[in-house]
Amino acid sequence: MPLDPTIARVTETIVARSAETRREYRDRMRRAAEDGPRRAHLSCSNQAHAYAASGPDKETLAGHRAPNLGIVTAYNDMLSAHQPFERFPDVIRAAARAAGGTAQVAGGVPAMCDGVTQGQTGMELSLFSRDTIALAAGVALSHNTFDAAAYLGVCDKIVPGLVIAAATFGHLPTVFVPAGPMTSGLPNDEKAEVRKRFAAGEVDREALMRAEMAAYHGPGTCTFYGTANSNQMLMEIMGLHLPGASFVNPGTPLRDALTAAAVERVLSLTQLGPTYTPACDVLDERAFVNGMVGLMATGGSTNLAIHLPAMARAAGILLEPEDFAAVSSVTPLMARIYPNGLADVNHFHAAGGMAYLIGELLEAGLLHADVSTVAGPGLARYTEEPKLRGETLAWEPGPRESANDRILRPHADPFQPTGGMVQLTGNLGEGVAKISAVKEEHLVVEAPARVFEAPEDVLAAFKAGEIAEDCVIVLRFQGPRANGMPELHGLTPALSVLLDRGLKVALVTDGRMSGASGKVPAALHLSPEAAAGGPLARVRDGDVIRLDTTAGTLAAEADLDARAPAAPDLSANQWGTGRELFQLFRDRVGEARHGASSLI
């Protein structure tokens with residue numbers, strides 16, 4: 001199928017906009033690659049330090065005859081999604097030896113859980129943890145002893161941080177190795193209902209705790225389609241996973257076989273072999289456009305509207321909000337996964353998963369087929385799915401029909417004709433809204449503003465019964481410069497209760513919502529943020545605000561320019577829970593529309 005004209009035009013625009021920065025980036029990667037495999041340039045003393053504890057691999061490493069794989073891992077056993085990585089290094093080292101190479105853990109990166117820090121002060125470190133992860137991965141790979149890299153990471157800021165590092169070390173062949181989702185527990189909609197009932201005072205904390213523990217019950221990624229699972233979709237559709245690797249459960253024979261196959265494959269792509277494929281060749285403009293298409297087709301996390309521009313900039317590629325809007329305008333919503341539906345990611349995988357989705361999008365001409373991937377040239381390989389035949393791993397043609405059209409539909413009969421995310425513009429700035437889970441009657445909200453400057457104040461007003469009329473809740477000073485841009489998912493149960501009471505309610509903020517948020521109409525990531533003098537700082541209680549996600553507009557009926565901006569005391573956000581260590585990030589951070597990064 002010929003490439004859709006809009007997708008082609010968006011790609012051409014990105015290529016032209018990025019011509020200089022991409023050329024500079026490619027030149028850096030070429031110079032890095034020209035030196036050849038890195039270990040050959042280390043002194044004997046350098047090498048002895050690197051190989052001292054490598055046991056049976058010492059001789060192979062010292063001989064420079066085989067590729068050495070650097071493992072960058074986000075393992076910790078507090079995150080369910082990352083706990084399975086504890087045993088991956090042993091699997092990877094064994095697979096590397098079987099393939100005639102070696103593997104070493106180059107280093108670890110931090111991995112915080114947004115589920116633990118949700119509504120806590122630690123959440124103010126969450127977005128900046130992405131840049132910290134990129135820095136930590138850079139330290140790990142700076143030893144220059146590796147011919148390729150394997151990144152072990154799954155969740156929210158972890159994968160984007162690792163992609164920034166992978167692009168920075170783009171002369172190295174790279175594979176991302178997922179851990180997979182936990183098996184299905186208490187359905188996500190039932191968990192959400194208990195949360196709403198608790199917010200409304202209808203059930204006690206003991207009932208809430210039972211529901212939460214039944215939902216989050218074992219190793220693997222949380223099963224809703226938030227940022228973590230959006231990341232996994234993204235790595236597959238951008239060609240950094242092996243085909244079909246994203247949503248295979250942890251601790252299964254197929255999961256281990258895919259991990260071993262990823263090692264064998266990436267070792268075959270080094271400069272020591274005939275098919276050198278560095279990460280910089282995979283991470284091109286076409287791959288990032290494919291990522292945007294996948295995000296829209298699945299109703300993915302709004303957090304990726306921040307992370308994708310940051311990842312792209314690390315590869316010299318400049319993405320703008322209008323690129324997302326244009327892609328969304330021609331990409332049908334083909335999946336309904338909670339919070340955009342009742343199914344979880346295991347159900348999505350069973351219904352046809354990534355192989356079906358990519359096949360349909362290729363058939364519709366919405367994806368670039370002619371990309372480089374870790375699996376080889378062309379995205380058509382990703383319409384296949386892995387199977388274990390005895391102890392042999394093989395890829396077979398994936399499904400051409402959905403096994404459940406309430407979860408996954410063909411491009412010709414989608415859930416809605418356009419993507420799950422829209423760009424917003426108007427006199428309140430520029431932002432995004434996720435509409436794939438918003439009911440039609442809530443797509444347009446016009447009501448007086450209720451202005452707050454802390455999420456705790458919103459919840460206090462709700463509990464006191466002070467929000468009893470239609471309103472647009474303006475929650476400002478939540479951007480990266482103000483307090484690190486914490487997620488505001490803790491507001492979702494209360495705002496959902498207000499919607500269920502029949503009120504017209506929307507949220508407008510320069511902060512973020514969780515990738516799991518969806519029911520509440522929300523204008524997010526408003527740029528410029530209030531702490532930088534953005535328009536939100538000039539909004540007052542009672543200003544009529546119109547959020548129109550059908551037209552992509554957000555505006556206040558007020559002469560904002562005539563007002564002085566509010567200037568709250570933000571000193572309390574600068575210390576405690578490690579926040580004082582991140583002042584440099586807050587001082588240097590860029591706008592959300594360009595990735596909210598302090599590095600790029």
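Note that the structure is predicted; figures quoted are calculated from it, not measured.
- Shortest non-hydrogen contact noted between L258 and P243 is CD2-O, 4.5 Å.
- When atom types are taken as modelled, the side chain of S402 and the backbone of L408 share a donor-acceptor pair closer than 3.5 angstrom.
- Put simply, the residue from N340, V422, L524 that forms a side-chain contact (heavy atoms from CB on, under 4.5 Å) with K434 is N340.
- Just one of D370, L367, L361 meets the side-chain contact (heavy atoms from CB on, under 4.5 Å) condition when paired with L379; it is L367.
- With rounding to the nearest 0.5 Å, the separation of CD in Q271 from OH in Y276 is 4.0 Å.
- Residues E487 and N303 meet the side-chain proximity criterion, which asks for heavy atoms closer than 4.5 Å.
- Each of R512, H489, K157 was evaluated against D114; a single residue qualifies, K157, per the side chain to side chain donor-acceptor pair (under 3.5 Å) test.
- Looking only at distances, no side-chain donor or acceptor of N249 sits under 3.5 Å from a matching main-chain atom of G180.
- Although no hydrogens or angles enter the test, the distance criterion places a donor-acceptor pair under 3.5 Å between the side chain of E529 and the main chain of R481.
- Between H411 and E363, the shortest heavy-atom distance links the atoms NE2-OE2, 3.4 Å.
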- [ ] Take D281 and R26 through the salt bridge (charged side-chain N to carboxylate O under 4.0 Å, His left out) test and state the conclusion after the steps.
- [x] CA-CA 9 Å; D281 286 355; R26 294 287 297 178; 2.7 Å; yes

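- Closest approach of L488 and M513 over heavy atoms only: O-SD, 3.5 Å.
- Considering every non-hydrogen atom in both R130 and P160, the closest pair reads CD-CB, 3.8 Å.
- Looking at D344 and H347, their side chains do bring a donor and an acceptor atom within 3.5 Å of each other.
- Between F247 and F348, the ring-plane angle classifies as perpendicular under the 30° and 60° cut-offs.
- One finds no salt bridge joining R22 and D284 here, because no Lys/Arg side-chain nitrogen approaches an Asp/Glu carboxylate oxygen to under 4.0 Å.
- For the pair H525 (side chain) and R593 (backbone), a donor-acceptor distance under 3.5 Å is absent.
- Side-chain atoms of S301 and S230 form no donor-acceptor pair, as typed in the model, at a separation below 3.5 Å.
- The two atoms that bring S372 and V282 nearest to each other are O-CG1, 3.5 Å, heavy atoms only.
- At distances below 3.5 Å, at least one donor-acceptor pair connects side-chain atoms of T21 with backbone N or O atoms of S18.
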- [ ] Evaluate the criterion side chain to side chain donor-acceptor pair (under 3.5 Å) for residue pair D131 and S597; output intermediate values, then yes/no.
- [x] CA-CA 7 Å; D131 290 2; S597 176; 3.1 Å; yes

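- Ring centroid separation for the pair Y151 and F176 comes in under the 6.0 Å cut-off.
- At distances below 3.5 Å, at least one donor-acceptor pair connects side-chain atoms of T275 with backbone N or O atoms of S268.
- Taking both residues in full, the closest heavy atoms of A310 and I164 are given as O-CG1, 4.0 Å, listed atom of the first, atom of the second, then distance.
- Residues E285 and T11 bring no donor and acceptor atom of their side chains to less than 3.5 Å of each other.
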Task: salt bridge (charged side-chain N to carboxylate O under 4.0 Å, His left out) between E24 and R28, worked out - done: CA-CA 6 Å; E24 292 173 352; R28 293 198 305 272; 5.0 Å; no

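- More than 12 heavy atoms of other residues, nucleotides or ligands sit less than 6.0 Å from atom CZ of R30.
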